[in-house]
Amino acid sequence: MRPFNYARAADIDGAIATVTEHRDSAFLAGGTTEVDLIRQNVLRPGLLVDINDLPLNRVEDLPGGGLRIGALARMSEVAQARGVLQRYPVISQALLLGGSAQLRNMASIGGNLCQGVRCSYFRDAISPCNKRDPGSGCAAMDGVNRGHAILGTSDRCIATHPSDLAVALVALDAVVRTRGRDGERAIGIDDFFLLPGDTPEREHPLEHGELITAIEVPAAPIARRSAYLKVRDRESYEFALVSVAAAVQIRDGVIADVRLALGGVGTKPWRARRAERGLRGKPAGRDSFAAAAAQELEAADPRPMNAFKVQLAHRAIVRALATLANGYGQ
Ligand SMILES: Cc1cc2nc3c(=O)[nH]c(=O)nc-3n(C[C@H](O)[C@H](O)[C@H](O)COP(=O)(O)OP(=O)(O)OC[C@H]3O[C@@H](n4cnc5c(N)ncnc54)[C@H](O)[C@@H]3O)c2cc1C
Ligand code: SF4
């Protein structure tokens with residue numbers, strides 16, 4: 001680990017100005033990703049700008065029923081916030097199924113969206129990796145890729161996006177609020193996560209020095225009946241092999257509306273739009289759920305080691321939707 005300088009920002013504009021001015025600097029929130037990557041020699045910043053004193057840690061209700069989550073709110077606080085538990089259970093469940101209690105107490109919401117991939121070749125700092133060292137190749141392509149993506153892959157990178165929270169937020173059409181040198185931006189969350197394409201080193205559209213200030217979740221009555229299902233190799237402290245964020249509205253046995261997003265299978269948190277289209281107006285039963293899952297997974301491009309994810313994702317989609325549908329009328 002190389003030495004670096006440390007500064008503690010006193011206000012938002014100061015934090016943005018300092019990081020913008022120093023090309024080799026980065027924001028430091030909870031540090032649960034940033035410090036790991038520095039220790040592993042994957043990141044080598046010259047300056048860390050600590051943003052923990054900035055007033056960005058509130059969880060507030062918005063007029064009209066939405067929610068605003070400050071970028072520095074901790075995962076554990078957000079998971080227990082009343083508005084989240086009552087109106088967006090899928091967010092609470094996604095947060096509580098991530099990391100450990102200690103991590104959730106440290107880790108911030110903004111940092112969670114910007115956490116790096118967990119691909120072991122990216123993190124070993126020596127293997128060829130187009131994300132860490134553009135143009136060097138991708139060791140995962142023919143290497144150990146059991147945990148890698150089957151959707152949204154390119155011939156440059158097949159790493160999955162690891163955030164559970166992001167999957168729930170993508171299902172809910174959240175908006176990422178940012179501030180940078182050129183002012184404020186509102187970025188739809190589906191556009192916030194970039195497919196690897198030819199530029200896997202670029203994971204989101206933030207400019208250097210642009211700070212996430214908050215996440216806004218629009219009012220979504222459908223989300224009162226929502227859930228997050230996470231399938232992983234062990235029951236806690238593990239990233240998803242497959243996960244499903246789902247919300248469904250059923251009227252007279254027919255699916256009136258549905259939200260569906262997948263984690264653990266995509267190079268970005270994966271909004272399952274094909275499946276959603278296939279479900280609307282169909283009877284709320286296993287046949288419809290299975291047909292929609294198959295439709296979504298038609299686009300899968302698995303490797304021999306992660307081909308099992310196609311069937312696992314299919315089953316997880318059906319199970320998540322069936323569990324929500326079974327709750328109707330109770
Ligand atoms: C052992 C382990 C297990 C984990 N398991 C899970 C899991 O199951 N599910 C899951 O979703 N996550 C998991 N995580 C990831 C964890 O949730 C993230 O590390 C955490 O949310 C990052 O938040 P942080 O505040 O610590 O960010 P930091 O480490 O401080 O920062 C991470 C990155 O975000 C940038 N950043 C931080 N805040 C902002 C901001 N406001 N604006 C712009 N950029 C910003 C930093 O510059 C840095 O690049 C795990 C992590 C570990 C170490
Ligand atoms: S999958 Fe992506 S992150 Fe992993 S080695 Fe290949 S390029 Fe790097």
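Along the sequence shown, residues carry numbers from 1. Note that these values count all heavy atoms, side chains included, but never hydrogens, waters or copies made by symmetry. Counting convention: from 1, in listed order, for ligands and their atoms alike.
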message: Applying side-chain hydrogen bond (donor to acceptor under 3.5 Å, both in side chains) to Y228 and S243, what does each step give before you reach the verdict?
response: CA-CA 7 Å; Y228 191 72; S243 69; 2.7 Å; yes

For [atom], what is the nearest protein heavy atom, given as residue, atom name and distance?
| atom | answer |
| --- | --- |
| atom 14 (N) of ligand 1 | F239 CZ, 3.6 Å |
| atom 4 (Fe) of ligand 2 | C119 SG, 2.4 Å |
| atom 48 (C) of ligand 1 | E34 OE1, 2.9 Å |
| atom 17 (O) of ligand 1 | N112 ND2, 3.2 Å |
| atom 6 (Fe) of ligand 2 | C138 SG, 2.3 Å |
| atom 52 (C) of ligand 1 | L103 CD1, 3.6 Å |
| atom 2 (Fe) of ligand 2 | C157 SG, 2.4 Å |

message: Under 4.0 Å, heavy-atom basis, I'd like to know which part of C129 is in contact with ligand 2: side chain, backbone, both or neither.
response: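 C129 to ligand 2: contacts from backbone and side chain alike.
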
query: Counting only heavy atoms, which portion of R156 has something under 4.0 Å from ligand 2: side chain, backbone, both, or neither?
result: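 It is the backbone that touches ligand 2; the side chain stays farther off.
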
For ligand 1, which atoms have a heavy atom of [X] less than 4.0 angstrom away?
| X | value |
| --- | --- |
| G99 | 4 (C), 5 (N), 6 (C), 7 (C), 8 (O) |
| A29 | 25 (O), 30 (O), 37 (C), 38 (N) |
| A71 | 41 (N) |
| Q115 | 10 (C), 11 (O), 12 (N), 14 (N), 15 (C), 17 (O) |
| F27 | 43 (C), 44 (N), 46 (C), 47 (O) |
| S163 | 11 (O) |
| Y237 | 1 (C) |
| L211 | 40 (C), 41 (N), 42 (N) |

Sole residue of L169, V167, I189 in side-chain contact (heavy atoms from CB on, under 4.5 Å) with P269: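 Exactly one pass, corresponding to V167.
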
task: Going by the side-chain contact (heavy atoms from CB on, under 4.5 Å) test, name the single residue among R277, Q249, R280 that passes it with V258.
output: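 Exactly one pass, corresponding to R280.
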
Heavy-atom contacts with [X] under 4.0 Å: which atoms of ligand 2 show up? List them by number with element.
| X | value |
| --- | --- |
| Y121 | 5 (S) |
| K131 | 3 (S), 7 (S) |
| F122 | 3 (S) |
| A159 | 1 (S), 2 (Fe), 3 (S) |

Any heavy-atom pair between the side chains of [Y] and [X] that's under 4.5 Å?
| X | Y | value |
| --- | --- | --- |
| P205 | D191 | no |
| L206 | C114 | yes |
| C119 | H148 | yes |
| F289 | I255 | yes |
| T213 | E184 | no |

Determine whether any heavy atom of [X] lies closer than 4.0 Å to an atom of ligand 1.
| X | answer |
| --- | --- |
| M75 | yes |
| K230 | yes |
| R104 | no |

- request: Could you walk me through whether T178 and V176 pass side-chain contact (heavy atoms from CB on, under 4.5 Å), step by step?
  value: CA-CA 6 Å; T178 72; V176 181; 4.0 Å; yes

Taking N or O atoms only and a 3.5 Å limit, does [X] qualify as a polar contact for ligand 1?
| X | answer |
| --- | --- |
| G30 | yes |
| R74 | no |
| D164 | yes |

When you measure from [atom] to each heavy atom in [options], which option holds the nearest one?
| atom | options | value |
| --- | --- | --- |
| atom 26 (O) of ligand 1 | I212, L48, T32 | T32 |
| atom 34 (O) of ligand 1 | G31, G110, C114 | C114 |
| atom 25 (O) of ligand 1 | S108, A15, G111 | S108 |

Should the proximity of [X] to ligand 1, defined as any heavy atom under 4.0 Å, be assigned to the side chain, the backbone, both, or neither?
| X | value |
| --- | --- |
| T213 | neither |
| A240 | neither |
| D36 | side chain |

task: Taking only Lys NZ, Arg NE, NH1 and NH2, and the carboxylate oxygens of Asp or Glu, determine whether D173 and R271 approach each other closer than 4.0 Å.
output: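 A salt bridge links D173 with R271.
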
When hydrophobic residues are tied together by side-chain contacts of less than 4.5 Å, even through go-betweens, does [X] share a cluster with [Y]?
| X | Y | result |
| --- | --- | --- |
| L321 | V318 | yes |
| V231 | I317 | yes |
| L72 | L28 | no |

Atom 4 (Fe) of ligand 2 to nearest N/O/S of H148 less than 2.8 Å: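 Coordinating: no.
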
field: Short side-chain donor-acceptor distance under 3.5 Å, D124 and S127
entry: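 Side-chain D/A pair, S127 to D124: present.
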
- prompt: Side-chain donor-acceptor pair under 3.5 Å between R123 and Y121, yes or no?
  reply: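 No - no donor-acceptor pair under 3.5 Å links their side chains.
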
field: Proximity of F193 and H161 rings by center, below 6.0 Å
entry: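 When the ring centroids of F193 and H161 are compared, they turn out to be within the sub-6.0 Å range.
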
task: Could you tell me whether R319 atom CZ has more than 12 heavy atoms of other residues or ligands within 6.0 Å of it?
output: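 Open.
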
message: Does R58, at its CZ atom, have more than 12 non-hydrogen atoms belonging to other residues, nucleotides or ligands within less than 6.0 Å?
response: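 Open.
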
task: With rounding to the nearest 0.5 Å, note down the distance linking CG in D13 to CG in L211.
output: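 Interatomic distance, D13 CG to L211 CG, rounded to 0.5 Å: 10.0 Å.
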
